Amino acid sequence: MSKRLKSPEVHAGSMADIAFLLLIFFLVTTTIETDSGLDRMLPKKNPDPPKPFNERNVLRIAINGENQLLLEDNPIGIEDIKSKAIAFLDNGGDAKSCNYCKGANDPTSSDNPLEAIISLSNTRETSYGTYITVQNELVGAYNELRNRESQRLYKVSFTDMHAHYLDANTPTETKNALREKVKTIQKMYPLNLLEAKIK
Amino acid sequence: MSKFNKKKDGDLPAVSTASLPDIVFMLLFFFMTVTVMKDNTIKVKNELPKATEIKKLEKKDRVITIFVGQPNQEYQKVFGTESKIQLNDKFANVSDVGDYILAERAKKPQEVQNFLTTSLKVDKDANMGLIADIKLQLRKVNALKVNYTTYEGDAFSNIQ
């Protein structure tokens with residue numbers, strides 16, 4: 001009687017070992033995806049001749065071989081790049097052409113964001129890490145301004161909107177609706193980031 | 001004395017390990033799903049810099065990857081300690097980059113050939129001179145869309 005009640009137990013002890021073995025195999029072969037980064041467009045091979053520009057519309061940033069930064073020939077810390085870039089882009093010096101700018105309206109700085117150009121130059125000895133940090137700060141400056149305008153107009157941050165727009169899983173109708181908004185914001189603060197030829 | 005002896009009689013139930021396989025399987029499935037099999041061995045030091053303003057690289061089939069960095073220990077005798085370019089499994093010179101991009105582009109299906117991104121996986125200690133040379137090569141073959149692949153993290157940590 002008592003024998004019938006007892007069901008035979010499946011020996012699961014070695015199952016764990018087998019699973020562990022597989023687990024360790026996958027652990028070792030795994031490379032967690034790192035595929036994200038800073039998107040950039042290179043200029044064409046034979047770029048169009050540059051439009052004439054005013055000297056005040058250009059912000060020159062240089063990185064030397066010792067990874068030190070110069071902003072318009074003055075030494076500057078890397079932490080200050082972003083705020084300086086924002087002040088420059090958002091200046092709105094000619095007062096009327098940029099009604100959304102909230103800058104200082106300094107007549108010696110850029111006229112409006114459409115014409116403001118940031119020029120980045122570096123030497124052959126500059127380290128890639130520093131270069132990426134500066135790039136990151138400059139893109140951050142643009143993103144901050146774009147986010148601000150996007151929040152004001154559409155109550156959504158530009159970076160979220162853009163990521164959603166680029167996402168392959170977004171349905172086409174949503175994409176079309178987003179495209180207009182993304183284009184509008186990009187037009188307000190176009191990414192005029194030049195890279196000077198290496199000396 | 002008898003107090004202690006009594007305890008020995010009471011059968012302490014063994015900790016059930018029956019759920020252990022379940023837990024391990026759960027972990028296993030997690031790693032199985034996130035695993036991307038390495039398609040090429042990286043022969044260079046490849047510690048990517050960190051950045052915050054990053055965008056995800058969508059669609060793996062539209063990406064061509066270039067590795068740059070100092071050769072690993074075992075290759076240093078042959079290739080030295082200067083930063084080198086690695087294309088697929090081989091070390092390459094700057095002049096090979098253009099041909100490599102064209103060859104890779106030809107391998108892709110027709111409809112995506114115009115939407116390719118070049119992912120630059122560059123060690124953070126590499127010099128910009130080499131990167132500038134690569135960029136010049138990319139411009140020559142009209143591969144203008146590049147992605148400086150980075151980790152997500154504090155960008156200021158790139159500078160020691």
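Here the structure is a predicted model, which means the values were calculated and not measured. Just so we're on the same page: letters track the sequence lines, and every chain starts at 1.
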Q | Side chains of B:K124 and A:S127 in contact at under 4.5 Å (non-hydrogen atoms) | A | no
Q) Is there side-chain contact between B:F156 and A:E137, with heavy atoms separated by less than 4.5 Å? A) yes
(Q) At a 4.5 Å cut-off on heavy atoms, which part of A:Y131 comes close to chain B: side chain, backbone, both, or neither? (A) side chain
Q) Using a cut-off of under 4.5 Å for heavy-atom pairs, which of A:T130, A:I24, A:T126 has the most such pairs with chain B? A) A:T126
Q) Less than 4.5 Å apart, any side-chain heavy atom of B:L144 and any of A:K44? A) yes
Q: Examine whether an atom of B:S119 lies under 4.5 Å from a heavy atom of chain A, and if so say whether it belongs to the side chain, the backbone or both; otherwise answer neither.
A: neither
Q.
If the test is side chain to side chain contact (heavy atoms under 4.5 Å, CB included), which one of B:D133, B:N127, B:L130 qualifies with A:R124?
A. B:D133
Return all side-chain donor-acceptor pairs below 3.5 angstrom for residues 73-80 of chain A, not counting sequence neighbours, or 'none' if the list is empty.
none

Q) Out of curiosity, B:I54 CD1 to A:I132 CD1, how far, rounded to the nearest 0.5 Å? A) 11.5 Å
Q) Does one hydrophobic cluster hold both A:F26 and B:I23, with members joined at side-chain heavy-atom distances below 4.5 Å? A) no
Q) For the candidates B:M32, B:M128, B:E152, which exhibits the highest count of non-hydrogen atom pairs separated by less than 4.5 Å from chain A? A) B:M128
**Q.** Heavy atoms from other residues, nucleotides or ligands near CD of A:Q68 exceed 12 (cutoff 6.0 Å)
**A.** yes
(Q) Using heavy-atom distances under 4.5 Å, tell me whether A:L166 contacts chain B through its side chain, its backbone, both, or neither. (A) both
(Q) Assigning hydrophobic clusters by single linkage (Ile, Leu, Val, Met, Phe, Trp, Tyr; side-chain heavy-atom cutoff under 4.5 Å), is B:V141 placed with B:I64? (A) yes
Q: Go through the atoms of A:N67 and report whether side chain, backbone, both or neither lie under 4.5 Å from a heavy atom of chain B.
A: neither
Q.
Using the rule that Ile, Leu, Val, Met, Phe, Trp and Tyr join whenever any side-chain heavy atoms are under 4.5 Å apart, tell me whether A:I118 and A:V139 fall into a single cluster.
A. no
Q.
Test of understanding: clusters of I, L, V, M, F, W, Y form through side-chain heavy atoms closer than 4.5 Å, transitively. Do B:F29 and A:L23 belong to the same one?
A. yes
Q) What closest approach, in Å, do A:L38 and B:E53 show between heavy atoms, and which atom pair accounts for it? A) CD2-O, 3.3 Å
Q: May I ask you to check whether over 12 heavy atoms, not counting those of A:K84, lie within 6.0 Å of atom NZ?
A: no
Q | Engaged part of B:L27 at the chain A interface, taking heavy atoms whose separation is under 4.5 Å | A | both
(Q) I need the minimum non-hydrogen distance between B:P49 and A:G129, along with the two atoms involved. (A) CB-CA, 4.3 Å
Q.
Counting heavy-atom pairs closer than 4.5 Å to chain A, which one of B:S83, B:G129, B:A155 comes out on top?
A. B:G129
Q) More than 12 foreign heavy atoms under 6.0 Å from CD of B:E74: is that the case here? A) yes
Q: Output the distance between atom CG (B:L28) and atom CG (A:L21), rounded to the nearest 0.5 Å.
A: 10.5 Å
Q) NZ of B:K56: more than 12 outside heavy atoms within 6.0 angstrom? A) no
Q | NZ on B:K55 to CZ on A:R40, rounded to 0.5 Å | A | 8.0 Å
Q.
Looking only at heavy atoms and a cut-off of under 4.5 Å, which of B:K50, B:E47, B:K135, B:K145 has the most pairs with chain A?
A. B:K135
Q: Starting at CZ of B:F25, measure out to CG of A:L22 and round the result to the nearest 0.5 Å.
A: 7.0 Å
Q: Please list, chain by chain and in numerical order, all residues satisfying ring-ring contact (aromatic ring centres under 6.0 Å, His included) with A:Y142, sequence neighbours excluded.
A: none
Q.
Please determine whether residues B:M26 and B:V24 belong to a single hydrophobic cluster, defined as Ile, Leu, Val, Met, Phe, Trp and Tyr linked transitively by side-chain heavy-atom distances below 4.5 Å.
A. no
Q.
Within the structure provided, determine whether A:Y128 and B:D123 are in side-chain contact (heavy-atom separation under 4.5 Å).
A. no
Q. Does atom NZ of A:K102 have more than 12 heavy-atom neighbours from other groups under 6.0 Å away?
A. yes
